[in-house]
Structures are given as structure tokens and as C-alpha cells.
Amino acid sequence: MLTVDLDAIADNWRLLRRLCGRTECGAVVKADGYGLGAAPVARTLSAAGCRRFFVATIEEGIALRKALPGDRVIYVLDGPMGRGCEALLDRHALIPVLNCPEDVAGWAAHARANGGRRAILALDTGMARLGHSPAEARALAADPARLSGIALDFVMSHLACGEDRANPMNEAQRRLFDELRTLLPPAPASFANSAGVFLGGGYLYDLARPGAALYGVSRSTGALTSLRQVVVLKGKILQVRLIDSDSPVGYGATGRVPSGACLATVAVGYADGYFRALSNRGHGYAGGVRVPIVGRVSMDLVTFDISAVPAGTVRPGDEIELIGDRHTVDDLAEEAGTIGYEVLTSLGRRYRRDYIGGTPAEDRT
Ligand SMILES: *Cc1c(COP(=O)(O)O)cnc(C)c1O
């Protein structure tokens with residue numbers, strides 16, 4: 001069972017907003033709110049005062065539009081995604097991020113034919129991923145009529161190494177962003193993701209776009225202050241077994257327990273995003289005791305060695321805590337050799353999501 005603490009998300013947003021000072025603090029709720037439910041997360045943050053939201057795809061934007069009051073702004077990071085999507089963006093009041101000259105040409109033509117449209121212009125300052133390259137940005141700056149009809153809400157870029165404060169990439173990206181921005185028609189600027197907010201100072205500009213930190217990811221966002229944990233994940237114990245002779249455990253017999261060990265088999269597996277990489281490496285908490293995974297994580301099941309738990313105190317039907325205050329999203333990520341972002345966005349559809357606090361239900365007041 002997956003419990004999502006919406007009040008903790010709102011508190012994390014308020015903490016980031018405080019760090020933002022006079023910079024507006026938006027929220028990134030792509031990938032269904034980093035796996036936790038974009039609609040309840042966004043409704044909660046909207047009630048807390050957040051006015052600008054980012055999703056990755058138009059489909060995510062359409063779903064989010066239904067959950068938010070009409071005055072909340074929704075930006076689509078992937079942009080207009082080719083011809084024909086302009087009407088869809090308009091119909092659902094979604095504003096695209098323009099990532100390339102083709103995006104600008106298409107959206108500008110649409111804007112001129114319809115009395116003007118808003119957009120964000122994205123510049124790539126060092127990721128070679130999305131956004132206008134420096135050469136494309138300079139070409140656009142030399143021919144600003146290509147933007148006519150478009151009102152730029154923001155010019156934006158994205159940090160590659162923001163969680164590493166000492167990385168010279170951060171300053172190099174910021175300098176390139178400033179250089180390109182001054183060539184372009186004046187517009188507010190947006191640069192900082194979660195890590196950028198923690199960098200602070202000159203990285204904040206006019207609008208911050210934090211995602212992961214809202215959801216309690218600290219380790220890969222360079223968080224300086226402690227964030228509230230948002231997720232509690234518990235797995236149900238199906239079987240408890242006392243081992244009466246040395247025994248291999250699980251597929252491939254990669255785990256082994258001695259006679260006298262006690263195992264608990266839990267109904268969670270890699271099909272739920274409980275990574276196979278946790279095999280013989282991950283941990284949980286049973287009856288308040290830290291217990292290791294033994295053997296391979298299989299599709300629907302994982303086995304913990306609960307020998308350290310006083311006999312008889314943990315029974316079938318009880319739960320083992322897989323993620324919580326004692327064993328955070330970051331801890332699990334480290335055991336699995338990944339980052340908190342991937343742990344969250346992999347949380348399985350089979351988990352029932354229970355919400356605490358916040359504004360989980362339809363409420364447009
Ligand atoms: C995902 C994303 C963010 C949010 O990043 P976090 O590291 O989760 O805070 C901000 N901006 C862009 C362009 C993104 O793709």
C-alpha cells in the first residue's frame with residue numbers, strides 16, 4: 001500500500017517558495033506527479049498558492065487541466081509536437097514550450113492567424129537535449145520577426161549538473177543563458193529546477209521549476225535543508241517461514257539462509273517498480289527492525305530475512321515497510337543503484353494510493 005502525504009508536498013513547496021524569495025515558485029508535475037498522482041498533487045499545490053505547473057506531454061496537460069482552476073497556467077515541456085496539436089493545446093488552455101525553430105515557426109503561424117498566443121522559449125545551454133542550440137538562438141535573435149504573434153511568458157533553460165554545487169557547468173550554463181537572453185526580445189526568465197533553487201542567488205531569475213524536491217527527493221537535488229518525506233510504501237506479508245535446514249532462496253538460488261532463519265515473503269516485485277537490482281541488497285523494516293532482502297526480487301514477490309525480529313511478532317497479513325521515514329526514497333534508490341526520481345516514477349500501478357491531507361478530491365474553490 002502506497003501512502004502519499006499531500007501536506008508534506010505542500011510543506012516542501014512552501015519551503016522552496018521561501019528559498020525562492022521574490023522569485024515565483026512553480027511546480028513540475030510531469031509523469032503523473034512523479035508517480036504520485038498529478039491531479040491530487042497539483043490541486044494541493046494550487047490551494048497552497050502555486051499558479052504555474054509544468055507537464056511533459058499534451059496528454060498530461062489535458063488530464064491536469066480538468067483538475068485545476070482555470071486561472072492556473074499549464075506549460076507543456078515537450079512543446080507543440082508537430083502540426084495539428086495547436087488546436088488541442090488551445091482547447092485545453094495549455095501553453096507550449098518552444099524547443100526548436102520548427103516549433104517557433106508553427107506556433108507563430110498559429111498565433112498570427114488567431115490574434116496571438118503565449119509560449120515559453122527554451123534554450124539549450126549545455127545538455128544537448130531539448131531547446132534551441134546557441135546557434136539557433138542567435139539566428140532567432142537576428143530575425144525576431146519570426147516570433148511575431150507570440151507573447152513570451154518566459155525564456156527558459158535547464159541545468160545539467162545543478163545538484164553538484166562545485167561543478168563549473170552551472171556557472172557556464174548561466175553565463176550562456178544570460179548571453180543568449182540579452183540578444184532575444186526581453187522576457188522574464190526561468191532557469192532553476194529543484195537543484196537550481198538550492199543553488200539560489202543568481203540561478204533563480206523570475207520563475208523556478210522544482211519537481212523532485214517537492215516529492216522529498218534530497219540526495220540528487222542537492223537539497224541543503226531537510227525535506228519532508230512524502231511516500232510510505234508497505235508490502236503485505238503473504239507467508240512467514242522458519243527454515244529448518246540450510247536453504248537457497250529465490251530464483252537462481254542467489255540467496256542462502258542457515259537453518260533457524262526466518263523468512264517473510266512479501267507481495268511486491270519488480271512488476272511494481274520494486275527493482276530487481278535490490279536483490280540481496282535492499283532493506284525494509286519489519287516490526288521496527290531493519291531487515292535485508294534475501295535472494296532475487298521476482299515479478300510479484302520479494303523475500304526478507306526477518307530472523308532479527310522477535311519470533312512470533314510478525315505474521316502473514318502484517319506489512320513490511322519498504323519506503324518510509326527510516327528508509328527513504330533516496331535510501332532505496334542508493335540500494336538499487338539509481339536515483340529517487342526513478343524510484344518514484346516506477347511506483348507500480350498495482351499499489352493502492354492513499355492520500356493524507358492536502359486537496360485530494362475534486363474541489364475547485
Ligand atoms: C523535469 C524538469 C524540471 C524539474 O526538475 P527537478 O530536478 O525534478 O526539480 C524542471 N525543468 C525541466 C525542463 C524539466 O524537464
Side-chain angles (χ1 to χ4, degrees), residues 9 12-13 15-17 19-20 23-36 38 41-42 45 50 52-58 60-61 64 73-79 81 94-100 103 119-133 153-165 167 169-170 173-174 177 188-200 203-225 227-228 230-231 329-330 333 338-347:
I9 295 177
N12 289 337
W13 184 77
L15 171 85
L16 292 161
R17 187 181 57 179
L19 294 174
C20 279
T23 297
E24 182 178 344
C25 190
V28 179
V29 296
K30 63 194 181 191
D32 196 24
Y34 288 49
L36 302 183
V41 167
L45 294 178
C50 182
R52 298 180 203 266
F53 296 85
F54 288 83
V55 294
T57 68
I58 294 177
E60 290 176 353
L64 185 62
V73 185
I74 302 174
Y75 298 106
V76 178
L77 290 165
D78 285 357
M81 302 200 283
L94 306 173
I95 299 179
V97 174
L98 307 176
N99 289 304
C100 59
D103 283 355
I120 288 180
L121 183 73
L123 308 180
D124 176 26
T125 54
M127 288 193 76
R129 197 181 64 163
L130 269 184
H132 290 72
S133 71
D153 280 16
F154 298 95
V155 175
M156 71 165 236
S157 192
H158 192 48
L159 284 161
C161 309
E163 76 283 3
D164 176 10
R165 301 187 78 75
N167 198 310
M169 270 288 287
N170 299 330
Q173 281 194 268
R174 192 165 75 97
F177 184 53
S190 177
F191 194 58
N193 60 347
S194 301
V197 173
F198 293 115
L199 288 176
Y203 290 89
L204 292 172
Y205 294 91
D206 299 296
L207 172 72
R209 311 183 308 271
L214 300 173
Y215 310 101
V217 175
S218 298
R219 217 162 284 165
S220 32
T221 57
L224 297 175
T225 22
L227 300 163
R228 284 192 62 188
V230 167
V231 170
V329 168
D330 287 321
T338 181
I339 54 175
Y341 296 68
E342 195 180 20
V343 171
L344 290 177
T345 56
S346 300
L347 290 167

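Counting starts at 1 for both ligands and their atoms, in listed order. Throughout, residue positions are numbered sequentially from 1 according to the sequence presented.
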Using only heavy-atom distances, determine whether the side chains of D153 and Y75 contain a donor-acceptor pair under 3.5 Å.
yes

Carefully, step by step, assess F154 and Y205 under the rule ring pair (Phe, Tyr, Trp, His ring centres under 6.0 Å).
CA-CA 10 Å; F154 298 95; Y205 294 91; over 10 Å; no

If you look at each N/O of ligand 1, which protein N/O atoms lie under 3.5 Å away, and at what distance?
from     : atom 1 : to   : atom 2 : distance (Å)
ligand 1 : 7 (O)  : N193 : ND2    : 3.3
ligand 1 : 7 (O)  : Y341 : OH     : 2.6
ligand 1 : 8 (O)  : Y34  : OH     : 2.5
ligand 1 : 8 (O)  : A212 : N      : 2.8
ligand 1 : 9 (O)  : S194 : N      : 2.8
ligand 1 : 9 (O)  : S194 : OG     : 2.5
ligand 1 : 9 (O)  : G211 : N      : 2.8
ligand 1 : 11 (N) : H158 : ND1    : 3.4
ligand 1 : 11 (N) : R209 : NE     : 3.0
ligand 1 : 11 (N) : R209 : NH2    : 3.2
ligand 1 : 15 (O) : K30  : NZ     : 2.7

Could you tell me whether E24 and R52 make a salt bridge, using a distance below 4.0 angstrom between a side-chain N and a carboxylate O?
yes

Is there side-chain contact between V231 and L344, with heavy atoms separated by less than 4.5 Å?
yes

With the side chain counted from C-beta on, respond yes when I120 and V155 share a heavy-atom pair under 4.5 Å apart, and no when they do not.
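No, side chains not in contact.
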
Verify, without hydrogens or angle tests, whether S194 (side chain) and A213 (backbone) share a donor-acceptor contact under 3.5 angstrom.
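It does hold such a pair.
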
